[in-house]
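Encoded as structure tokens, the structure appears first; notes follow it.
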Amino acid sequence: MSRTSSALERLANREYEYGFVTDIESDSVPPGLSEDVIRTISKKKNEPDWLLAWRLKAYRHWLTLADAEPTWANVHYDPIDYQKIVYYSAPRPKKKLESLDEVDPELLATYEKLGISLAEQKRLTGVAVDAVFDSVSVATTFKKELEKHGIIFCAFSEAVQRHPELVRSYLGSVVPYADNFFATLNSAVFSDGSFVYIPKGVRCPMELSTYFRINAENTGQFERTLIVADEGSYVSYLEGCTAPMRDENQLHAAVVELVALGDAEIKYSTVQNWYPGDEEGRGGIYNFVTKRGKCAGARSKISWTQVETGSAITWKYPSCILLGDGSIGAFYSVALTARRQQADTGTKMYHIGKNTKSTIISKGISAGHGQNSYRGLVRINKGAAGARNYSQCDSLLLGDRCGAHTFPYLEVMNPSATVEHEATTSKIGEDQLFYCRQRGISEEDAISMIVNGFCKEVLRELPMEFAVEAQNLLGVSLEGSVG
Amino acid sequence: MLKITNLHAKVEGREILKGLDLEVRPGEVHAVMGPNGSGKSTLANVIAGREDYEVTGGEILYRGENLAGLSPEDRARDGIFLAFQYPVEIPGVSNMYFLKAAKNAILRHRGEDELDAVDFLEFARRKLKLVEMNEELANRPINEGFSGGEKKRNEIFQMAVLEPTLCVLDETDSGLDIDALRVVASGVNALRSPERAMLLITHYQRLLEYIVPDFVHVLSDGRIVRSGGKELALELEEKGYAWIEEHAAA
């Protein structure tokens with residue numbers, strides 16, 4: 001018994017490999033939030049007036065929300081002092097980059113160390129990367145190649161300059177500035193992120209990906225990502241995240257908006273590995289993120305796949321608004337909480353159009369003192385005749401000091417809808433471990449294998465390159481080609 | 001190959017094995033029979049090294065080495081295989097993938113070359129034939145949705161793939177209909193060899209009609225109370241365990 005719990009303990013307290021700090025000069029604004037700070041950020045980015053006005057509107061609204069910071073989630077943390085956070089930090093020099101060759105070698109080395117090569121010749125086959133370091137995008141690969149197809153993939157701030165009309169018509173169209181406390185804060189201070197536009201009928205020839213890195217101390221990362229898939233187009237987009245180990249908590253409050261027009265499909269995948277804090281629960285990222293997609297056109301599809309292994313606290317509910325008739329939403333999630341991590345995550349599926357379909361597969365794994373909650377809403381509106389939802393929420397407990405919780409909400413207003421919900425909670429059994437070990441497999445490999453099997457339905461939704469990373473993160477070796 | 005001397009073992013604080021002696025030489029097939037609660041499954045689990053079974057006295061020598069303190073995986077890598085009475089299900093983990101990992105862990109331990117995916121598949125296919133198991137079943141998640149017979153057949157398939165030196169079969173016949181029993185038994189018989197020893201743990205004589213043992217032992221209240229040739233099983237079948245218990249008491 002004791003041997004088993006010690007192996008679980010090791011898994012729960014596994015080393016965080018990405019905790020290093022890059023020694024680089026940065027250009028930061030002083031801590032604190034005010035209209036001046038927002039004007040400074042906007043000015044640094046040379047933004048048009050309408051965008052500054054939008055930020056200020058958000059900020060003024062946020063001031064009225066002082067008592068509206070969400071408290072309903074099943075997570076616990078000390079109040080955040082928003083005046084202590086640095087809202088903008090960018091690596092210096094802020095010289096305009098003409099090509100990848102001009103990116104600071106220190107930065108390139110940082111991404112190499114994280115396993116993300118920004119050198120195109122050493123690229124992961126078929127993956128274009130936008131690298132966001134603290135508050136700014138430092139490099140985007142394969143831009144030219146993508147432009148041949150009319151695809152726009154660039155830093156958000158660049159899109160504001162080069163494609164203001166697109167940004168203006170879609171910004172806030174899925175997550176309005178007044179949506180919720182953290183989204184409102186993001187709308188006021190967001191610094192960078194990625195922008196993607198796929199033209200009509202174009203199937204994006206490579207995976208697009210953004211790699212987020214928080215480096216500077218006491219800095220919050222507030223990125224904003226906007227992806228628009230025009231009629232009949234297809235894109236698969238991935239994001240990855242890491243941060244140094246620090247004793248203080250850092251806030252990451254991002255917003256992601258997806259828009260799929262008629263017959264378009266967006267696959268959005270996340271491998272989230274922000275610093276989770278140490279064994280005593282000191283430090284780590286507060287990952288308070290609003291992600292939402294709108295299936296605006298008929299037969300459009302949006303799927304969210306997430307593997308959440310990092311962060312001290314995760315609060316996120318990637319959702320789908322199924323507006324177009326016959327549109328399809330999906331949410332595949334693995335959330336691992338070890339050490340003292342807390343996760344309250346799930347999804348919302350709003351069925352508005354007729355014959356809309358949604359699938360929710362959620363796998364929660366708790367180890368150490370981790371607390372894992374699934375929270376999901378399935379809402380079938382009056383007009384959503386023939387809507388269907390299938391939800392499956394499984395929890396796996398490793399050890400006996402962790403917890404798993406499920407909070408499903410169902411609101412069905414149309415009698416022709418079909419809604420199914422299944423939930424299970426299981427423990428890695430001594431019997432399963434002994435069985436594996438009796439065949440010669442070490443205890444740690446056995447745990448990895450069982451966890452991997454448990455997550456399989458979600459991991460197989462990830463693009464290949466990320467599936468490998470995700471499985472490594474879960475302490476799992478890739479299932480071979482046999483079987 | 002296996003020499004058990006004065007073995008005492010506890011489960012959940014209760015003494016189950018109370019001075020068991022048993023010796024098995026290479027190439028031999030031994031049957032251990034006994035009524036429910038006599039300690040048959042405990043013996044199997046103690047040999048395999050299950051940690052909630054506490055050895056409180058005596059010793060188990062395997063190929064001259066004392067097994068005390070050796071982890072279950074090390075025992076397995078040294079060639080001890082337990083065919084489980086109740087094989088567990090492991091959702092989402094393909095049986096073939098699992099077996100390849102196990103086979104390679106064993107090969108690595110012995111300092112031999114590991115098998116790559118192609119070689120393993122070819123090797124495993126040959127073993128599938130032994131137990132008349134189809135490849136589709138072998139590729140499914142471990143034991144998930146398998147019938148009782150399929151699970152037992154899978155145990156013997158795994159045994160064939162891992163090529164152990166000492167096979168302990170814990171009530172492999174339980175829950176099998178006559179056809180499944182015949183298939184499983186012929187798989188086991190095909191694995192008999194001069195280098196390999198087998199310990200069949202069973203309640204009924206039925207299995208021994210198909211897998212004929214060299215020796216039969218009767219286990220009662222944690223001790224082997226009688227040993228003999230295969231005819232002992234028949235005698236036992238005829239007279240019942242009560243006969244042995246009276247005999248032992250006398």
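Protein chains get the first letters and strands the later ones, always in sequence-line order, with residue 1 at the start of each.
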List the atom of [X], the atom of [Y], and the distance in Å for their closest heavy-atom pair.
X	Y	result
A:Arg439	B:Leu82	NH1-O, 2.8 Å
B:Ala76	A:Arg437	CB-O, 3.8 Å
B:Ala105	A:Gly440	CB-O, 3.3 Å

Would you compute the distance between atom [atom1] of [X] and atom [atom2] of [Y] and round it to the nearest 0.5 angstrom?
X	Y	atom1	atom2	answer
A:Lys456	B:Ser94	NZ	OG	6.0 Å
B:Tyr97	A:Met449	OH	CE	4.5 Å
A:Ile441	B:Lys103	CD1	NZ	13.0 Å
B:Ile142	A:Cys436	CD1	SG	6.0 Å
A:Ile450	B:Phe98	CD1	CZ	9.0 Å
A:Ser442	B:Arg77	OG	CZ	6.0 Å

Toward chain A, the part of [X] with a non-hydrogen atom under 4.5 Å:
X	result
B:Gln158	side chain
B:Ile90	both
B:Tyr86	neither
B:Leu99	neither
B:Pro141	neither

Would you indicate whether [X], at its atom [atom1], is surrounded by more than 12 heavy atoms from other residues, nucleotides or ligands within a distance under 6.0 Å?
X	atom1	answer
A:Arg388	CZ	no
B:Glu112	CD	yes
A:Lys291	NZ	yes
A:Lys357	NZ	no
B:Glu136	CD	yes
B:Lys10	NZ	no
B:Arg14	CZ	no
B:Asn66	CG	yes

Heavy-atom side-chain proximity of [X] to [Y] below 4.5 angstrom:
X	Y	value
B:Val93	A:Phe454	no
B:Pro72	A:Phe434	yes
B:Pro91	A:Gln432	yes

Closer than 3.5 angstrom, by distance alone: can the side chain of A:Glu443 be matched with the main-chain N or O of B:Glu73 as a donor-acceptor pair?
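No; judged by distance alone, with no hydrogens or angles, the pair does not exist.
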A:Asp431/B:Arg50 ion pair, N-O < 4.0 Å
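Result for this pair is yes, salt bridge flagged.
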Using heavy-atom distances under 4.5 Å, tell me whether A:Cys455 contacts chain B through its side chain, its backbone, both, or neither.
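The answer is neither part of A:Cys455.
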